[in-house]
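Everything on this sheet refers to the single structure shown next.
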Amino acid sequence: MSESELSKTYHPSGVEKRLYQYWEGRGFFAPVMEKGGSSYCIMIPPPNVTGSLHMGHAFQDTIMDALIRYHRMRGDRTLWQTGTDHAGIATQMVVERQLEAEGKSRHDLGREAFERRVWQWKESSGGTIVQQLRRMGASCDWDRERFTMDRELSHAVTEVFVRLYDEGLIYRGKRLVNWDPVLRTAVSDLEVLSEKEEGQLWHVRYPLADGSGYLVVATTRPETLLGDTAVAVHPEDDRHISLIGAKVILPLTGREIPVIGDAYVDPEFGSGCVKITPAHDFNDYAVGERHGLPVINIFSPDASINENAPEVYRGLDRFAARKKVIEDLEALGLLDKVEPHELMVPRGDRTRAIIEPLLTDQWFVKAGPLAEKAMQAVTEGRIRFVPAHWEKTYFEWMRNIQDWCISRQIWWGHRIPAWYGPDGRIFVCNCEETVYELAAEHYGAPVALERDSDVLDTWFSSALWPFSTLGWPDATLELETFYPTNVLVTGFDIIFFWVARMIMMGIEFTGEVPFRDVYITGLIRDAEGNKMSKSKGNILDPLDLIDGIELEALVAKRTRDMMQPHLAQRIEKATRKEFPQGIPAYGADALRFTMASLATQGRDIKFDLGRIEGYRNFCNKLWNASRFVLMNTQGETNGPHPGEEFMSVADRWILAKLKRVKVDVTRALDEYRFNDYAHHIYQFLWGVFCDWYLEMVKPVLYGEDVAVGSKVAARATMLGVLEESLRLLHPLMPFITEELWLRVAPLAGRSGESIMLAAWPVEDPLAAHEELVEKEMDWVISLVTTVRTLRAELDLPPGKPLRMMVMGGDEAVGRLERQGRIISVLARIESWSRVGEAPGDDHAVGVLEDLRLFIPLSGLLDVEAEVLRLRKGLEKLEKELGTVEKKLTNPSFIERAKPEVVEKERAKEAELKEKQFGLKEALRRLEKMGKAS
RNA sequence: GGGCGGAUAGCUCAGUUGGGAGAGCAUCGGCCUUACAAGCCGGAGGUCACAGGUUCAAACCCUGUUCCGCCUACCA
């Protein structure tokens with residue numbers, strides 16, 4: 001490849017798709033099963049098949065891919081198991097909406113045809129998110145992609161259901177459950193979101209049956225009055241205690257219901273009397289059980305009033321019924337008063353419909369025994385949360401765990417493997433043929449069975465994901481190799497939905513935890529800290545950050561398909577203001593690097609476009625540094641290495657720094673400190689390699705009097721360091737590192753088809769002589785910086801060569817002598833000389849440790865300004881010296897602090913004093929001079 | 001009500017076992033220096049929310065307070 005192929009700036013669009021196709025086509029993502037040694041596996045949290053990639057995915061996928069690529073490079077048998085989730089309710093809703101557009105309902109099709117239709121939809125439109133994952137550079141093993149409705153996974157689901165049923169851990173029962181009247185299905189309590197809303201509190205008079213007056217009860221849901229079966233008061237409430245046992249007439253129905261005493265009532269609230277509706281409130285249900293109250297269900301599955309209510313209300317929707325009940329009460333003079341009242345309203349997370357507690361037959365998983373073992377796994381350290389504090393959340397929920405309602409009254413999902421005999425007897429079996437045999441055996445003759453029409457909660461199959469995808473219940477090689485998996489990367493919002501349930505199921509069915517570590521990520525928010533949501537119009541699409549998007553397209557995208565069209569205008573305005581130029585294409589690597597650099601443990605993330613721009617620039621920096629290296633090595637002799645004696649101190653120094661960054665980066669990855677990983681490699685490549693080393697190497701490369709061996713050594717070092725750095729960066733920036741590595745590696749004497757298959761750099765500790773080299777060059781850098789600062793402060797043109805005089809100890813002067821060439825180039829020192837005493841005319845003074853620098857200004861020195869500058873420096877220094885001396889004069893510090901700390905302070909004091917002396921000396925002379933003139 | 005988290009530079013945030021307050025962005029000054037203006041060089045900027053305590057030493061440990069988030073349960 002010729003250097004002309006590297007453009008002056010990095011253009012990710014020309015690189016990413018090509019390289020991804022290369023990797024995928026060559027099968028680089030699949031684990032090498034024959035290989036021995038350790039294995040490494042991550043299960044992707046299967047995204048909804050209906051979904052598209054959002055920032056949360058981009059974040060988590062970056063982290064997973066970085067870990068996967070890192071371990072693959074370390075030589076582990078590495079599997080990133082991918083796939084999607086059938087998302088029962090969401091998917092059914094999507095397809096029903098399509099049918100609706102054709103003027104049909106799912107009932108017109110019938111169950112089987114509807115299921116076929118969903119499969120069709122899945123084949124044609126379900127692949128969006130997995131294609132988007134590829135754009136992120138995700139190195140999942142696509143040949144092993146799974147879908148929770150696949151035959152093998154469905155088999156695992158049935159198997160688990162049957163075993164749990166046989167163990168008595170699954171049961172069917174009539175219970176009050178959360179009912180979504182729009183979907184007409186039960187949902188679990190986790191799928192209900194309660195939010196504060198403005199409502200009203202109606203105070204209703206309930207006449208006493210003996211005609212002696214009335215009680216007032218307050219309610220936020222007057223329509224449920226029709227199902228009341230008691231009025232409760234607190235048993236120690238003096239105002240009402242005499243009424244316990246009395247009867248009241250339930251308005252509008254004429255039913256007589258008792259007044260009961262129950263400590264559930266808060267005497268302080270309202271009138272101290274509560275209406276009890278066991279069929280439509282979870283608390284009331286409990287009260288009803290305690291007092292043996294009848295349960296009157298007044299709602300149909302669509303939440304309209306049923307035949308248990310007086311005829312005038314029947315068929316009314318619950319909101320219409322409320323209106324009529326209020327009107328009727330008012331007409332009867334039974335409405336005492338109405339107050340505004342803030343209350344928590346439960347809504348379905350999919351439909352936003354108000355959830356209704358409803359008494360129905362459902363299937364439940366008995367959670368207690370499973371939770372017990374799942375908690376143990378964490379207390380015993382077999383599972384570790386990162387950051388650790390999330391285990392508190394986990395325990396909190398596990399301790400209060402409720403039985404899990406797993407049946408859903410929808411069509412899309414795993415059908416419950418239960419059949420009912422003619423007498424209602426339940427047969428649960430993993431095989432449809434066998435179940436008829438079982439029934440025949442039971443009844444003594446073949447009978448017709450009816451299969452339960454419900455399907456299972458999607459999370460039921462997700463809970464099995466870590467082992468069902470590996471072939472369970474068969475004892476497969478994959479299961480043996482990769483289970484338990486190493487780490488689960490996910491958001492805290494599904495710790496309950498998914499993480500806890502995977503742990504319960506994993507332990508129950510494999511005897512092993514499903515994963516060792518759980519890395520919990522924060523939530524990605526917008527720049528203002530708001531949650532990203534369609535209705536707020538503040539969503540950023542990861543693909544738009546990669547590819548860029550024009551303003552008009554962005555506006556159109558954000559305002560399309562709005563649930564509340566009136567918000568569109570505001571969103572458009574905000575979008576135009578925030579992105580007046582649209583969004584530029586930053587590339588996948590910049591996005592990934594940004595995600596990692598923001599991934600600090602245990603905090604939400606405000607996504608800042610400034611960051612991604614900065615990391616796009618970093619890509620460009622790396623690109624150009626590589627361009628520089630290639631320009632200076634292509635067609636040149638870069639090896640064999642001529643031997644250590646030809647290596648410059650700069651060469652040795654950069655190798656020492658590389659050793660350090662290898663250790664830092666590896667540790668950061670091992671500890672899930674992705675921000676540290678990003679920071680260290682960024683700092684090394686930009687702040688050390690580019691800013692210093694490449695500048696130091698230029699005089700060697702370009703110098704005419706430099707030995708050939710030195711030039712070869714410099715080129716070899718430059719190539720070697722770049723090549724290893726690319727490998728260190730690869731897990732985070734797969735594309736640009738591959739593109740560069742394929743050109744750099746051969747020059748560095750490495751071969752290989754891909755950087756993703758290259759070995760992770762070996763870490764080894766710094767030797768003593770390397771630390772000395774490091775120290776010397778660090779000192780050189782300080783010196784160069786001191787001169788540059790002097791220049792800037794004295795307004796000396798950056799390009800103007802300077803003469804310099806120095807006064808100081810032998811070590812400093814020795815360093816100066818050894819590194820004179822580098823210093824003269826980097827600091828633009830034309831010549832320097834050592835002097836025994838400070839020069840007598842006007843010189844600017846700089847101090848570095850015990851070394852004093854004098855820059856002659858040939859009559860240009862502004863004495864007053866110089867005095868001011870030095871005083872300022874002195875002031876700052878003496879402040880620092882003060883705190884150090886305070887410590888050292890404190891006897892208890894000397895006595896009680898660790899010796900190395902005391903030593904450090906002493907050294908610091910000495911260093912500061914040297915510098916103080918230098919500055920004072922300079923000031924004294926200047927002030928004398930000032931007076932003289 | 002219960003639980004969890006947060007408050008550090010103008011902004012967004014790091015800060016590992018207690019031991020010299022950091023980064024990026026923004027800002028100011030100077031540079032088109034032969035890899036890179038998506039760049040280079042330099043500077044300024046902090047009462048680590050507040051009040052106590054422990055310690056030779058506290059951004060960090062303990063107690064309390066204020067404010068801000070999130071989760072969870074709710075008073076009908």
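Naming convention: chains lettered A, B, ... in sequence-line order (proteins, then strands); numbering from 1 in each chain.
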Whole angstrom value for the distance that separates [atom2] of [N] from [atom1] of [X]:
X      : N     : atom1 : atom2 : result
A/K886 : B/G20 : NZ    : C1'   : 15 Å
A/R525 : B/G5  : CZ    : C1'   : 12 Å
A/R673 : B/A23 : CZ    : C1'   : 15 Å
A/F593 : B/G24 : CZ    : P     : 12 Å
A/E396 : B/C70 : CD    : P     : 18 Å

Discussion item. Heavy-atom nearest nucleotide on RNA chain B for A/S892 versus A/Y682: which residue maps closer to 5'?
Written reply: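 Result of the comparison: A/Y682.
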Discussion item. Can you confirm whether more than 12 heavy atoms, excluding those of A/E830, are under 6.0 Å from its CD atom?
Written reply: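 For A/E830, atom CD is crowded (more than 12 foreign heavy atoms under 6.0 Å).
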Worksheet item: So with a 6.0 Å cut-off around CD of A/E236, is the heavy-atom count from everything else above 12?
Response: no
Worksheet item: For RNA chain B, what dot-bracket results from Watson-Crick or G-U pairs at under 3.5 Å, with [ ] for crossers and | for inter-strand partners?
Response: (((((((..((((.....[..)))).(((((.......))))).....(((((..]....))))))))))))....
Worksheet entry | Side chain A/N624, main chain A/K8, donor-acceptor under 3.5 Å | yes
Practice prompt. Identify whether any heavy atom of A/S597 sits under 4.0 Å from a base atom; if not, whether one sits that close to sugar-phosphate; answer base, sugar-phosphate or nothing.
Written response: nothing
Discussion item. Please classify the nucleic acid contact of A/K879 as base, sugar-phosphate, or nothing, using heavy-atom distances under 4.0 Å.
Written reply: nothing
Practice prompt. Just do the side-chain contact (heavy atoms from CB on, under 4.5 Å) check on A/H280 and A/I298 with the steps written out, would you?
Written response: CA-CA 8 Å; A/H280 300 292; A/I298 59 158; 3.4 Å; yes
Worksheet entry | Check against side-chain contact (heavy atoms from CB on, under 4.5 Å), A/K531 and A/K536 | CA-CA 9 Å; A/K531 264 189 196 174; A/K536 285 195 194 111; 3.9 Å; yes
Provide the distance between the two [atom1] atoms, one in [N] and one in [M], to the nearest whole Å.
N     : M     : atom1 : result
B/A7  : B/G19 : C1'   : 25 Å
B/A59 : B/C50 : C1'   : 14 Å
B/C62 : B/U72 : P     : 27 Å
B/A73 : B/G2  : C1'   : 8 Å
B/C11 : B/G46 : P     : 13 Å
B/A37 : B/A44 : C1'   : 23 Å
B/C25 : B/C68 : P     : 33 Å

Item to complete: Do nucleotides 32-40 of chain B as a string where each nucleotide becomes B, S or -: B if the base has a protein heavy atom under 4.0 Å, S if just the sugar-phosphate does, - if no protein is that close.
Response: -S-BBSBSS
Worksheet, complete the sentence: With B for base contact, S for sugar-phosphate-only contact and - for none (protein heavy atoms under 4.0 Å), nucleotides 71-76 of chain B reads ---BBB
Worksheet entry | Proximal nucleotide (of B/G19, B/U12, B/U16) relative to the A/D676 side chain |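 Selected nucleotide (nearest to the side chain): B/U16.
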Discussion item. Between A/W390 and A/F385, does the ring-ring contact (aromatic ring centres under 6.0 Å, His included) criterion hold? Intermediate values first, please.
Written reply: CA-CA 6 Å; A/W390 284 110; A/F385 278 87; 8.3 Å; no
Discussion item. Show, in sequence, the C-alpha distance, side-chain angles and deciding distance for A/E885 and A/K913, and conclude whether the salt bridge (Lys or Arg N to Asp or Glu O under 4.0 Å) test is met.
Written reply: CA-CA 10 Å; A/E885 281 177 335; A/K913 275 191 163 162; 3.5 Å; yes
Item to complete: Look at the side-chain N and O atoms of A/T789 and state whether any lies under 4.0 Å from the OP1 or OP2 oxygen of B/C41.
Response: no
Discussion item. If the cut-off is 4.0 Å, is A/K606 near the phosphate of B/U12, judged by side-chain N/O to OP1 or OP2?
Written reply: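 Looking at the OP1 and OP2 atoms of B/U12, one of them is under 4.0 Å from a side-chain N or O of A/K606.
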Worksheet entry | Ionic contact status for A/E866 with A/R869, cut-off 4.0 Å |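 A salt bridge links A/R869 with A/E866.
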Discussion item. Ring-plane angle category for A/F689 and A/Y693, please: parallel below 30°, perpendicular beyond 60°, tilted otherwise.
Written reply: parallel
Fill in: Test: A/K621 cationic atom under 6.0 Å from A/Y615 six-membered ring centre, within 45° of axis
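Geometry flag: not set, cation outside 6.0 Å or 45°.
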Item to complete: Take A/E909 and A/L888 through the side-chain contact (heavy atoms from CB on, under 4.5 Å) test and state the conclusion after the steps.
Response: CA-CA 9 Å; A/E909 185 194 32; A/L888 288 169; 3.5 Å; yes
Worksheet item: What about the rings of A/Y519 and A/Y672, do their centers lie closer together than 6.0 Å?
Response: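 Here the rings of A/Y672 and A/Y519 have centres that are less than 6.0 Å from each other.
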